[in-house]
**Student:** 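Before I ask anything, let me first share the structure, which is written out below as structure tokens.
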Amino acid sequence: MESRLKFLKFRAFVSGAVGIIVAFGITELVHGLYQLVPSVLVSLAQRVVELTPGQLVTQGIEMLGKADIPVLITVMLIFTVAIAGLLANLALRSWVAALAGVAVLAAVAVAAAFSKPFIAPVATVATIVGALAAGVVVTALLLRAAGLMSPAVSGASGSPGGSPSTEVRSREAHSSGGMAVGRRSFLVLGGGATVAGALAAGFGRMLAGGGTETAAQSSESGGESVAPSQVKTLPPPPPGASLEVEGMPPLITPAKDFYLIDSALSSPRIERENWSLEVKGAVDNPFEITYKDLVSMPAREADITLSCVSNKVGGGLISNGRWTGVLLSDVLKEAGMSPDKINRKSEQLVGRSVDGWTSGFKTARAFDGREALVVFGLNGEELPVKHGYPVRLVVPGLYGYISATKWLTEIELTDWDFDAYWIQRGWSKQGPIKTQSRIDTVFGDRSIPPGRTPVGGVAWAPHRGIKRVEVSTDDGESWNEARLAEQLDVDTWRQYVYEWDAEPGEHTLKVRATDGEGETQTDERSAAHPSGATGYHTVKVTVNEG
Ligand SMILES: Nc1nc2c(c(=O)[nH]1)N[C@H]1C(S)=C(S)[C@@H](COP(=O)(O)O)O[C@H]1N2
Ligand SMILES: [Mo]
């Protein structure tokens, strides 16, 4: 191993690494300025996710949580930098071989970029080729400054031929004075190029942004406003639905804090002018609807709590939104569908995203009275890009992975045999949100002063509602009735609080909820996979002597 590594010249490695950083800087900057050229880094990482077996992806998401994307991108970056360093070493022996390697990189990058929806093909190819060419030039200049390559062979075109390896050896052997000058320019050029590349990439990422911005706030979409015509809005939530307790999450989650889960490493950006929804499959009247048509249908606001199946007991992958949208049943009626027409061939409703992601649930859920919505607004604003702009599905009582397709572009009615994205990856095909409760106002592994301590939080059983919440302060030996806030809607979570008179010592707090049908959540612990975590949220606290 050691001896093999000696073949590698460190400065050549650095030259290649700097070259690829410059190349990435250029692609990211162009992406920031022009969204239709996708981020090469993100598209590469996206392909990796898609080609990785689902179980592994799932574990990755569970292990890394919100850090999964940055970690993956960092690994990609290190991997690519290493390849570039090796290619620069290869260049010392054969420019032809090294350039062939660069061509392979270009091909991989183009292939990854083209797997994204909505790209400008010519600009994308030009950007990738241009960026890699710039990287090659920088690498060649650095190799020359490092004295590893004669000016004659360091042109960007890589003028093959000659015998670079003997050339290199002879240059290294003599002229130590020349090397000193070379070292300085190597450092200046190398450092400068790295900083420039990193700055360009950083600036590009910043421009590309994301956050919870809406498309209207982001640069391109200044289009005419398409105002929904008839929205049945809701009154502000009654004051009784919120409890004034420190640490309690807000009844309606602000869009910027709404939890985020998707397989898309960067959100697809779709202009609503170009958006349409196709309703197809086992329906009498397959049809396509534009954004304008959709928002001119009767719309409503609905308070619905959305949860991710991979939320751990006590976890934060749950939020409550006030969604604006059209009833899914109304859209299906336009396609000639009605509850009595549901049969084996139309048993499942598949929602497909522009990026190919799918969810699927029983078509009957669209007609059983719950406010399953084709959504275009969140909390009185346009749907944020990250949460599915311009249109997504939200179905009360069902986990997001089977129902809540973001960047929705297709609804297909089909049989139950079709397996949607996460079903193919081993998650349960049935995805009702399990009854759960969480302690928000007291944290574990911390000590608190004795005396009155509100133990509160949220409990949820979307579409069944919460009838009762109990809190135990003695590890489940005895249970105390918690005070409930008003239930905003059966489809939302409900706040509770139990005023605990905390005495010094160690205490194990637990919470359990009973749904509107009288069913109490199970205390049996199970992991999130395959159908949602169960068990009581448990918090250990130490109460001081005071
Ligand atoms: N297109 C698309 N839609 C998607 C997903 C996805 O990966 N891609 N993830 C789903 C999952 S697993 C959940 S829990 C919800 C999360 O919605 P949010 O990110 O708006 O909170 O979206 C669902 N919709
Ligand atoms: Mo999810």
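Both counts, for ligands and for their atoms, begin at 1 and track the order of listing. We number each residue from 1, following the sequence as shown.
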**Student:** With atoms numbered from 1 as shown, which atoms in ligand 1 lie under 4.0 angstrom from a non-hydrogen atom of Ser353?
**Tutor:**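 The list of qualifying atoms is 1 (N).
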**Student:** Check ligand 1 against Cys308 and write out every atom of the ligand that is under 4.0 Å from a heavy-atom position of the residue.
**Tutor:**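 Near Cys308, the atoms of ligand 1 are 14 (S).
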**Student:** Can you name the residues that form a ring-ring contact (aromatic ring centres under 6.0 Å, His included) with Trp323, not counting sequence neighbours?
**Tutor:**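 In terms of ring-ring contact (aromatic ring centres under 6.0 Å, His included), with neighbours along the sequence ignored, Trp323 is linked to Phe258.
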**Student:** Scan side-chain atoms only and decide if Asp293 and Ser296 contain a donor-acceptor pair under the 3.5 Å cut-off.
**Tutor:**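 No, Ser296 and Asp293 have no side-chain donor paired with an acceptor closer than 3.5 Å.
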**Student:** Which of the atoms in ligand 1, numbered in the order shown and given with their element, are less than 4.0 Å from a heavy-atom of Phe258?
**Tutor:**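 Contacts of ligand 1 toward Phe258, numbered from 1: 21 (O).
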**Student:** Considering only the protein, which heavy-atom contact is closest to atom 9 (N) of ligand 1, and what is its distance?
**Tutor:**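 That would be Ile261 O, 3.2 Å.
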**Student:** If we count only N and O atoms by modelled type, under 3.5 Å, do the side chains of Thr27 and Thr127 hold a donor and an acceptor together?
**Tutor:**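 Short answer, no.
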**Student:** How would you list all residue pairs meeting salt bridge (charged side-chain N to carboxylate O under 4.0 Å, His left out) that involve residues 296-309, not counting sequence neighbours?
**Tutor:**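 Every salt bridge (charged side-chain N to carboxylate O under 4.0 Å, His left out) pair that includes a residue of residues 296-309, provided the two are not neighbours, is Arg300-Glu371, Asp303-Arg322.
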**Student:** Where on Tyr401 is there a heavy atom closer than 4.0 Å to ligand 1, on the side chain, on the backbone, on both, or on neither?
**Tutor:**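 The answer is both, backbone and side chain.
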**Student:** Can you tell me if Ser39 and Glu28 form a side-chain donor-acceptor pair at under 3.5 Å?
**Tutor:**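 There is such a pair (donor and acceptor under 3.5 Å, judged by atom type) between the side chains of Ser39 and Glu28.
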**Student:** What residue and heavy atom of the protein are closest to atom 21 (O) of ligand 1, and at what distance?
**Tutor:**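 Heavy-atom neighbour on the protein nearest atom 21 (O) of ligand 1: Tyr259 O, 2.6 Å.
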**Student:** Identify the closest protein heavy atom to atom 24 (N) of ligand 1: which residue and atom is it, and at what distance?
**Tutor:**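 Nearest protein contact, heavy atoms only, for atom 24 (N) of ligand 1 is Ala404 O, 2.9 Å.
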**Student:** What protein heavy atom lies closest to atom 19 (O) of ligand 1? Include the residue and the distance to one decimal.
**Tutor:**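 Going by distance alone, atom 19 (O) of ligand 1 is nearest to Lys406 NZ, 2.5 Å.
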**Student:** Judging by distance only, is a nitrogen or oxygen of Asp262 under 3.5 angstrom from one on ligand 1?
**Tutor:**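 N/O-N/O distance below 3.5 Å does not exist for this pair.
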**Student:** Do any N/O atoms on Arg392 end up under 3.5 angstrom from N/O atoms on ligand 1?
**Tutor:**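 Looking only at distances, the answer is yes, because the N/O contact criterion of under 3.5 Å is met.
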**Student:** Taking atom NZ of Lys362 and atom NZ of Lys429, what is their separation to the nearest 0.5 Å?
**Tutor:**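 Reported to 0.5 Å precision, the distance equals 8.5 Å.
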**Student:** Distance under 4.0 Å to a non-hydrogen atom of Leu306: what atoms of ligand 1 satisfy this?
**Tutor:**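 Going through ligand 1 atom by atom, the ones under 4.0 Å from Leu306 are 17 (O).
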**Student:** What protein heavy atom sits nearest atom 13 (C) of ligand 1, and how far away is it?
**Tutor:**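 Ranked first by proximity to atom 13 (C) of ligand 1 is Gly400 CA, 3.7 Å.
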**Student:** Please walk me through it: do Ile411 and Leu328 pass side-chain contact (heavy atoms from CB on, under 4.5 Å)?
**Tutor:** CA-CA 10 Å; Ile411 289 177; Leu328 177 57; 3.8 Å; yes
**Student:** Report the nearest protein non-hydrogen atom to atom 7 (O) of ligand 1: residue, atom name, distance rounded to 0.1 Å.
**Tutor:**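 For atom 7 (O) of ligand 1, the nearest protein heavy atom comes out as Ser263 N, 2.6 Å.
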**Student:** Under 30°, 30 to 60°, or over 60°: which ring-plane class applies to Trp357 and Tyr421, parallel, tilted or perpendicular?
**Tutor:**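 Judged by the thresholds at 30° and 60°, the geometry between Trp357 and Tyr421 is tilted.
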**Student:** For Trp407, is at least one N or O under 3.5 Å away from an N or O on ligand 1?
**Tutor:**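 No, Trp407 has no N/O under 3.5 Å of an N/O on ligand 1.
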**Student:** How long is the gap from CD on Glu412 to OG1 on Thr363, to the nearest 0.5 Å?
**Tutor:**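 Answer for the CD-OG1 pair, Glu412 versus Thr363, is 10.5 Å.
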